Amino acid sequence: MAREQWDNRTAFILAAIGSAIGLGNIWRFPFVCYQNGGGAFLIAYIVALLTTGIPLLIIEFGLGHKMEGASPLAFSKINKKLEWFGWIPVLIGFMIVTYYSVIMAYCTKYGIASITQAYAQNPSDFFFKETLGITSGPFKFGGFTKQFIWLTIALLVSWVWIVFSVWKGAKTVSKVVYFTVFIPWLLLIVFVVRGMTLPGAMDGLTYYLAPTFSKLLDPQVWLAAYTQIFFSLSVGFGVMIAYSSFLPRKTDLINNAFIIGFADALTAFVGGLAVFGALGYHAHSLGTTVDKLGDIAGPGLAFVTYPSIISNLPFAPLFGVLFFLMLLTLAIDSAFSIVEGLTASIIDKWKVSHFKANLTVSSTAFIIGLVFCTGAGLYWLDILDHFMNYLALGVSVLCCCIFVGWGYGADKIKEYANSISEFGVGKWWEISIKYFTPILLVILIGSEFIRRAKGSYENYGRLPESLGGWLIIILIVIAGYFLYKSKGKD
Ligand code: PHE
């Protein structure tokens, strides 16, 4: 069976950019940035991009392209036993897409609610009560409420959309990404212009951009910058390995990695302009200052703060619909890239049809996602998100550095990537993969272990944390082993 291929180089670049650019750029980046020293964080972020982000993109591109396989197959070509570790990133991605698609469901609900401005009265109640029907704790699921049914339908819509976007794999994705990359960018420009011309916008922008240089001495700022880079570039989830395996033999890897890395960072930066302009306006209309806006972080930013800002604008319904359409189109190509990473892995091993693999992955993810549609859903979503991004992802990237960088040889990947690229990378790249990134990851993982030893995440308690965090990590490792051991088709 001939390997599927992208239509052309642009299609690949857009697909990879589409995967990288997502909700992480528009809500996570801005608040992490402002909590960590504004302009100073931007400096740390660019350093993180150059010292580990782009090097990791290059290793994933090199591996996928050279081995002509998605993550499990690529790892198994280094050494049969390593296939086990190849499954882990795609399974982490799978867990992420189970709730990422639920956030898309919120967007659908909000897009529709924008038409009547249903959230205008009380944005916070609209989110927590009307949309989520949130209960008092993780074990109170709340039963078949109207909120549950609503979110389930919206989740189904997310999945139908995802399934069709990857219908015939790279062939379909090649076409779809023109829409899912350019539409959100156009809308983003609309929001930047709108955000920056609102009264008070300048205060918001000053808050966002003015560097507090002393913050660069705070290790926490650097940790935040590095964690944000991994999630934002979609490295460590097997997505980029699968995507590069669909490239033709004659191609470019290194230049592509730089283009994708910078496009992602630029989008985050520009997204921040829109968000902070609007926050400045928000503070202005409340008669306060941006630093006193309180809890704008986390899910609140997109689903409480922003709706309340939108409802105060002229043409609120229009801006509301456009804003949530932007979030949806930003999220969709990230979501389907994860699905494609796992689907391609399954096809590599069992040679099943794309249709079958896609449907199995998507329907399983939909069923798991139902948990997040319940009244306790947000608690579980929050726990899972934290454990996947702060621990599982770190371990997955560390495995890549050790097994590929040390085991297989960073020098071999480097030579390979250099030989087919417009320009090559030097010794610095090997140093990043073999020393710098792994040491950094050990620090990241270690500091997370220390924090968890001190107390449960967000004080949810040990039991929810064990079930929604630790147990899932253990299950991923076990599932990886079984997938590796099960007999494939040659
Ligand atoms: N990079 C995406 C974002 O910024 C999220 C994502 C994670 C996509 C993992 C693919 C894989 O939102």
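Fair warning: this is a prediction, and the values are worked out from it, not measured in the lab. The residues of the chain are indexed from 1 along the displayed sequence. Start at 1 and go down the list; that is how both ligands and their atoms are numbered.
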Without placing hydrogens or testing angles, list every side-chain donor-acceptor pair under 3.5 Å for residues 472-479, not counting sequence neighbours.
none

Please say which of Tyr45, Phe269, Phe231 ends up in a ring pair (Phe, Tyr, Trp, His ring centres under 6.0 Å) with Phe29. Tyr45
Once salt bridge (charged side-chain N to carboxylate O under 4.0 Å, His left out) is applied, what residue pairs with a partner in residues 83-105 remain, sequence neighbours excluded? Lys80-Glu83, Glu83-Lys349
When you measure from the side chain of Asn389 to the backbone N and O of Asp385, does any donor-acceptor pair fall under 3.5 Å? yes
List, pair by pair, the atoms of ligand 1 and of the protein that are both N or O and lie under 3.5 Å apart, giving the separation rounded to 0.1 Å.
residue  : atom   : partner : partner atom : Å
ligand 1 : 1 (N)  : Ser19   : O            : 3.3
ligand 1 : 1 (N)  : Ala20   : O            : 2.9
ligand 1 : 1 (N)  : Phe231  : O            : 2.9
ligand 1 : 1 (N)  : Ser232  : O            : 3.1
ligand 1 : 1 (N)  : Ser234  : OG           : 3.2
ligand 1 : 4 (O)  : Ala20   : O            : 3.1
ligand 1 : 4 (O)  : Gly24   : N            : 3.4
ligand 1 : 4 (O)  : Asn25   : OD1          : 3.4
ligand 1 : 12 (O) : Leu23   : N            : 3.1
ligand 1 : 12 (O) : Gly24   : N            : 2.9
ligand 1 : 12 (O) : Tyr100  : OH           : 2.7

With ring-ring contact (aromatic ring centres under 6.0 Å, His included) as the criterion, how do Phe303 and Tyr119 come out once you've worked through the C-alpha distance, each side chain's angles and the decisive distance to 0.1 Å? CA-CA 9 Å; Phe303 299 107; Tyr119 45 68; 10.0 Å; no
Name all residues meeting the ring-ring contact (aromatic ring centres under 6.0 Å, His included) criterion together with Phe355; count only those two or more places apart in sequence or in a different chain, and write none if there are none. Trp167
